[in-house]
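Worksheet for the structure shown next.
No experiment lies behind these values; they were computed from the predicted model shown.
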Amino acid sequence: LQQLDVDFVKCVHNLSCEVDKIAILHRKITKYISEKSKFAEKRMRYYLNIGTNMGDRKGNVAQAVAEIAARFSAEVVQSAPFESEPWGYESENRFINVGVALDSEKEPQEVLGELHGIEVAMGSACHRNADGTYADRIIDIDVIAIDDMEIDTAALTIPHPRMEQR
């Protein structure tokens, strides 16, 4: 936004700047502000799935839940743990999963970044093998739903496209 503002001011002060360029910059700024205001000051309920099938599985889940509570300064409500077979690949290691709900005023992309940060900090940088197939993991945190919101971007699809399988 700051760069758009600078470009807009430079363009307006430069008499040789085309009116079309001013209009395009204005639309970009307006769109950016509109997108930001959708989430401003609104607490949203995030529904997550946390899964692990490596190492101390119960400890991994407990650590992930504690990290989420700390990073979001939020009370975290979680389901009882349940076991499941790996989905989308073969492994002898069963998953332990918990469903989690938390309220946050953070934007979905920011929440996603924080959750990926937790995964990386716990040692689960990648959930796929070199050939693209799924792999065992220390921790996997998926955003399943956010209130009644629908999002479809390259980084985040809400509701989660495989929500029923999670």
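Counting only distance, with no hydrogens or angles, the side chain of R94 and the backbone of E92 share no donor-acceptor pair below 3.5 Å. Counting only distance, with no hydrogens or angles, the side chain of N60 and the backbone of I138 share a donor-acceptor pair below 3.5 Å. In this structure, D147 contributes its side chain and R45 its backbone to a donor-acceptor pair below 3.5 Å.
By the 4.5 Å heavy-atom criterion applied to side chains, R57 and E83 are counted as neighbours. Residues N97 and I50 fail the side-chain proximity criterion, which asks for heavy atoms closer than 4.5 Å. Side-chain atoms of Q63 and I139, non-hydrogen and from C-beta on, never get closer than 4.5 Å to each other. Residues P86 and Y134 are not in side-chain contact: their nearest non-hydrogen atoms beyond the backbone lie 4.5 Å or more apart. At a threshold of 4.5 Å between non-hydrogen side-chain atoms, the residues M44 and D103 do not count as touching. The closest side-chain heavy-atom distance from H116 to L112 is below 4.5 Å. Side-chain contact check for E119 versus D140: some heavy-atom pair is nearer than 4.5 Å.
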Please test N53 against I96 for side chain to side chain contact (heavy atoms under 4.5 Å, CB included), starting from the C-alpha separation and ending with a verdict. CA-CA 6 Å; N53 73 336; I96 287 184; over 6 Å; no
Start with the C-alpha distance between R137 and T52, add both sets of side-chain angles, then the distance that settles side chain to side chain contact (heavy atoms under 4.5 Å, CB included), and finish with yes or no. CA-CA 6 Å; R137 58 207 75 145; T52 175; over 6 Å; no
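Atom CD of E67 is separated from atom CG of L115 by 11.0 Å, given to the nearest 0.5 angstrom. Going from atom OH of Y46 over to atom CD1 of I68 covers 12.5 Å, rounded to the nearest 0.5 Å. With rounding to the nearest 0.5 angstrom, the OG atom of S104 is 9.0 Å from the CD atom of E114.
Applying the 6.0 Å contact sphere to CD of E75 captures no more than 12 heavy atoms from other residues, nucleotides or ligands.
Checked against L102 for a side chain to side chain contact (heavy atoms under 4.5 Å, CB included), the options L48, V77, V111 give a single hit: L48.
Looking at N49 and D142, their side chains never bring a donor and an acceptor atom within 3.5 Å of each other.
Heavy-atom minimum distance, I141 versus A64: CD1-CB, 4.4 Å. Scanning both residues, Q109 and A155, for their nearest heavy atoms gives OE1-CB, 3.9 Å.
E110 pairs by the side-chain hydrogen bond (donor to acceptor under 3.5 Å, both in side chains) definition with nothing, not counting sequence neighbours.
The aromatic rings of Y89 and F95 stand perpendicular to each other, their planes meeting at an angle above 60°, with 30° marking the opposite boundary.
Residues Y47 and V100 do not share a hydrophobic cluster, clusters being chains of Ile/Leu/Val/Met/Phe/Trp/Tyr side chains in contact below 4.5 Å.
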